[in-house]
Amino acid sequence: MIPFLDLSAMHAELRPQLDDAFRRVLDSSNFILGPETAAFEREFADYCGARHCIGVGNGLDALFLTLKAWGVGPGDEVIVPSNTFIATWLAVSYTGATPVPVEPDPRTMNIDPALIEAAITPRTRAIMPVHLYGQPADMDPIMELAARRGLKVLEDAAQAHGARYKGRRAGTLGHAAGFSFYPGKNLGALGDGGAIVTNDDTLAEQLRTLRNYGSKVKYYNEVQGHNSRLDELQAALLRTKLPLLDGWNVRRRALAAQYSAALQGSGLVPQHVPEWAEPVWHLYVVRSAQRQQLQEGLAARGIQTIIHYPVPPHLQPAYAELKLEPGRFPVSEAIHAEVLSLPFWPQMQDSQQAEVAAACRQLSTNVSASAADKAA
Ligand SMILES: *Cc1c(COP(=O)(O)O)cnc(C)c1O
């Protein structure tokens, strides 16, 4: 049995440091916005190469609170990828604004910068590129367009801790970036967590207020804020993991290269990596025209896979109100019909990976042979 993801080896190795982090917080009796949160914010900002990090309750809040701080609200529009996890869209909807989807490049599966300008209207306030599966979106043309049209750019970096674009880290490419520390992310807490990273002093100050009841001084409330703080315990746990993140990302890169080499010629197509991208492979995703047979065949061999994501946001019942009918975003719809995420985590053994790759090769050969039979 090979699971899709197994965090137990990582946590077994880190057990003494995690226990120590727990003890530190318990002994301090300081559970909300204490020294561990402040230290993690400093350390994660430094890691990204940015001036500020503001810890919040989860990745969705990181995105939503940033849009809210920028004054995005009802009647406004925000450009989002048609191909993303629904949180990107929900962050926009929470403000009362409308998400306006733009199709991805079919090879990178990230938003296609060339298609963004046509989606801009007088109501557009911001663009939210997503660094999908850990690969940075093509940010230079997006920032150039945003500057020309007076728009804000918010990176959804929830899957991209440590990824680089032309040498610069995700989190420093837009005006601000939202990160998630959901347990399965490249840097994961043992529960929910999130953060905003930015070089903008004013935004950072606003977010520190917004996440904490709109209050700078306790019981004095400047705005109607939220309760969305990075938990002190999660911050302490994240501090034990942060120094190991680069090493885990190196291992992810090696595993991804091995998968891609082993699957060459199999008909399974991995995410294309442009020469300026240094992805951190949050997921290893292949496209297959016979995805269902592939997934079932792998399951029959005890190999667990997941689809990220089975239904694009515009076809979810949650977004029926936008009346975006099937066929409206064909590139995204084709991606959702074909993607499959293979078992992948930094502590995965080479032997486990070889078993998955061999099974994939065998199944894709069988599948193409039976497709050829049908055609004949
Ligand atoms: C995980 C994720 C989020 C949301 O993060 P949470 O911490 O679960 O709220 C947002 N966007 C993308 C692309 C994600 O993968």
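When a ligand or atom number is given, it counts from 1 through the structure's own listing order.
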Note to self: Going by salt bridge (charged side-chain N to carboxylate O under 4.0 Å, His left out), name the residues that satisfy it together with R328, two or more places apart in sequence or in a different chain.
What the structure shows: E325

Next item on the list: With sequence neighbours excluded, tell me which residues meet salt bridge (charged side-chain N to carboxylate O under 4.0 Å, His left out) with E275.
Entry: none

Notebook entry, point to check: Is there a donor-acceptor contact under 3.5 Å linking the side chains of E155 and H131?
Noted result: yes

Check: Does the side chain of T84 come under 3.5 Å of the side chain of Y309 through a donor N or O and an acceptor N or O?
Finding: no

Note to self: Just to be sure I understand the cut-off, which residues have at least one non-hydrogen atom under 4.0 angstrom from an atom of ligand 1?
What the structure shows: N58, G59, L60, F85, A87, V130, D156, A158, Q159, S180, K185, G193

Notebook entry, point to check: Between H226 and F64, does the ring centre distance come in under 6.0 Å?
Noted result: yes

Note to self: My understanding is that only residues two or more places apart in sequence, or in another chain, count here; which of them pass side chain to side chain donor-acceptor pair (under 3.5 Å) with E205?
What the structure shows: none

